[in-house]
Amino acid sequence: MKAGVVVFPGSNCDHDCYHVLKHVLEIDTVFLWHKDKELKDVDFIVLPGGFSYGDYLRCGAIASQSEIIESVIDFAEKGGLVLGICNGFQILTETGLLPGALLRNRDLKFICKDVNLVVSNVNTPFTKFYSSGEVIKIPIAHMDGNYFIDEPGLADLIENEQIVFRYCNDTGETLDDANPNGSIDNIAGIINKKGNVLGMMPHPERCAEEILGNTDGIHIFNSVKKFLKGGI
């Protein structure tokens with residue numbers, strides 16, 4: 001198994017993702033420069049968080065025009081696993097690999113804190129190590145994390161079980177006061193219909209080691225590792 005972490009000008013979580021994959025999970029991992037077209041035979045691609053191209057225009061819009069994105073889209077369309085975290089999630093919506101859009105947070109303020117998520121779909125290559133309905137704690141850090149999709153689109157997400165994570169309180173209730181940014185239906189992460197492209201605003205790479213005091217995020221990477229090794 002080989003993983004690739006895409007680096008855009010302004011990315012600042014690329015090394016965090018690389019560290020978790022390479023040093024925590026001992027996966028052969030390489031960086032992929034935004035001007036690359038060759039994906040170096042990777043089996044798994046991460047679009048990390050950070051401020052690609054300074055987050056100007058719509059967040060992720062400029063990055064979605066990078067030279068590497070055409071290769072990432074081709075990779076995903078052939079069934080390759082792609083994970084977009086925070087700004088990476090925004091890029092996935094801008095490319096059309098995931099539906100919807102990320103808007104400014106409801107209170108128009110940058111938010112950086114731990115949040116509770118309820119795992120709504122464990123039948124994905126990214127969530128097999130979680131239990132259905134499990135409540136986990138993962139940090140967020142964003143200004144534009146307010147996920148929006150129109151009513152038909154939301155109905156489509158629900159019907160196809162594409163909502164993977166929702167913001168919730170300590171007991172798993174998806175109440176409005178547990179929603180940090182105003183996302184529709186408390187959505188924190190979704191997957192495409194094919195089930196191989198996941199986008200999420202919370203940062204699992206920031207809670208993937210004991211030394212960080214929280215390992216709730218490691219199961220996403222562990223699930224991918226086991227899936228690609230044919231274990232699930």
- Message: Are the side chains of E94 and R58 in contact, using a 4.5 Å heavy-atom criterion?
- Response: yes
- Looking at CG of L98 and OH of Y147, how far apart are the two atoms once the value is rounded to the nearest 0.5 Å? 7.5 Å
- Within the side chain of S66, is there an N or O that forms a donor-acceptor pair under 3.5 Å with the backbone of I68? no
- All ring-ring contact (aromatic ring centres under 6.0 Å, His included) counterparts of H34, not counting sequence neighbours: Y53
- Is a side-chain donor or acceptor of S183 paired with a backbone partner of G145 at a separation under 3.5 angstrom? yes
- Over 60° means perpendicular and under 30° means parallel, so classify the ring planes of F165 and Y130, tilted if in between. perpendicular
- Which of N181, N116, D185, D176 passes side-chain hydrogen bond (donor to acceptor under 3.5 Å, both in side chains) with Y167? Answer is N181
- Message: When you compare the side chain of L228 with that of F44, does any pair of heavy atoms fall below 4.5 Å?
- Response: yes
- Atom pair CG/CD1 of N105 and I111 - distance to nearest 0.5 Å: 4.0 Å
- Determine whether more than 12 heavy atoms belonging to other residues, nucleotides or ligands lie under 6.0 Å from atom NZ of K35. no
- Task: Please assess T171 against V135 for the test side-chain contact (heavy atoms from CB on, under 4.5 Å), listing each intermediate value before the final yes or no.
- Result: CA-CA 7 Å; T171 58; V135 177; over 6 Å; no
- Task: Nearest 0.5 Å please: distance from the SG atom of C59 over to the CZ atom of F89.
- Result: 13.0 Å
- Item | Euclidean distance, Y56 OH relative to F51 CZ, rounded to 0.5 Å | 10.5 Å
- Query: Rounded to the nearest 0.5 Å, how far apart are CD of E70 and CG of D74?
  - Reply: 8.0 Å
- Message: So, taking the atom named SG in C112 and the one named CZ in R206, what distance separates them when rounded to the nearest 0.5 Å?
- Response: 6.5 Å
- Taking D114 for the side chain and K137 for the main chain, is one N or O donor matched with an acceptor at less than 3.5 Å? no
- Query: Does the side chain of H19 come under 3.5 Å of the side chain of E209 through a donor N or O and an acceptor N or O?
  - Reply: yes
- Task: Examine distances only and state if a side-chain atom of T127 and a backbone atom of N121 form a donor-acceptor pair shorter than 3.5 Å.
- Result: yes
- Within-4.5 Å side-chain heavy-atom neighbours: E134 and V122: no
- Any donor and acceptor pair, going by atom type alone, linking the side chain of T29 with main-chain N or O of Y18 inside 3.5 Å? no
- Task: Report, as yes or no, whether the 6.0 Å neighbourhood of atom CD on E67 holds more than 12 heavy atoms from other residues, nucleotides or ligands.
- Result: yes
- Can you tell me if N214 uses its side chain to pair, donor with acceptor, with the backbone of D216 under 3.5 Å? yes
- Would you say the side-chain atoms of N146 pair up with the backbone N or O of R104, donor to acceptor, closer than 3.5 Å? yes
- Task: Please check if atom CZ in R106 has more than 12 non-hydrogen atoms from other residues, nucleotides or ligands closer than 6.0 Å.
- Result: yes
- Item | Donor-acceptor pair, side chain of K40 and main chain of F31, under 3.5 angstrom | yes
- Of the options L21, I220, I27, D43, which is the one that meets K225 in a side chain to side chain contact (heavy atoms under 4.5 Å, CB included)? I27
- Any side-chain heavy-atom pair of I187 and L157 under 4.5 Å: yes
Atom pairs and distances, donor-acceptor, side-chain atoms in residues 189-203, under 3.5 Å, two or more places apart:
{"from": "N192", "atom 1": "OD1", "to": "G195", "atom 2": "N", "distance (Å)": "2.9"}
{"from": "N192", "atom 1": "OD1", "to": "N196", "atom 2": "N", "distance (Å)": "2.9"}
{"from": "N192", "atom 1": "OD1", "to": "V197", "atom 2": "N", "distance (Å)": "2.9"}
{"from": "N192", "atom 1": "ND2", "to": "N196", "atom 2": "OD1", "distance (Å)": "2.9"}
{"from": "K193", "atom 1": "NZ", "to": "D156", "atom 2": "OD2", "distance (Å)": "3.0"}
{"from": "K194", "atom 1": "NZ", "to": "E77", "atom 2": "O", "distance (Å)": "2.7"}
{"from": "N196", "atom 1": "ND2", "to": "A76", "atom 2": "O", "distance (Å)": "2.8"}
{"from": "N196", "atom 1": "ND2", "to": "G80", "atom 2": "O", "distance (Å)": "2.8"}
{"from": "H203", "atom 1": "ND1", "to": "E205", "atom 2": "OE2", "distance (Å)": "2.7"}

- Taking S11 for its side chain and G50 for its backbone only, find out whether a donor-acceptor pair lies under 3.5 Å. no
- Message: Could you check whether any side-chain heavy atom of P204 comes within less than 4.5 Å of a side-chain heavy atom of I85, counting everything from C-beta outward?
- Response: yes
- Query: So do the side chains of V6 and D36 get within less than 4.5 Å of each other, counting heavy atoms only?
  - Reply: no
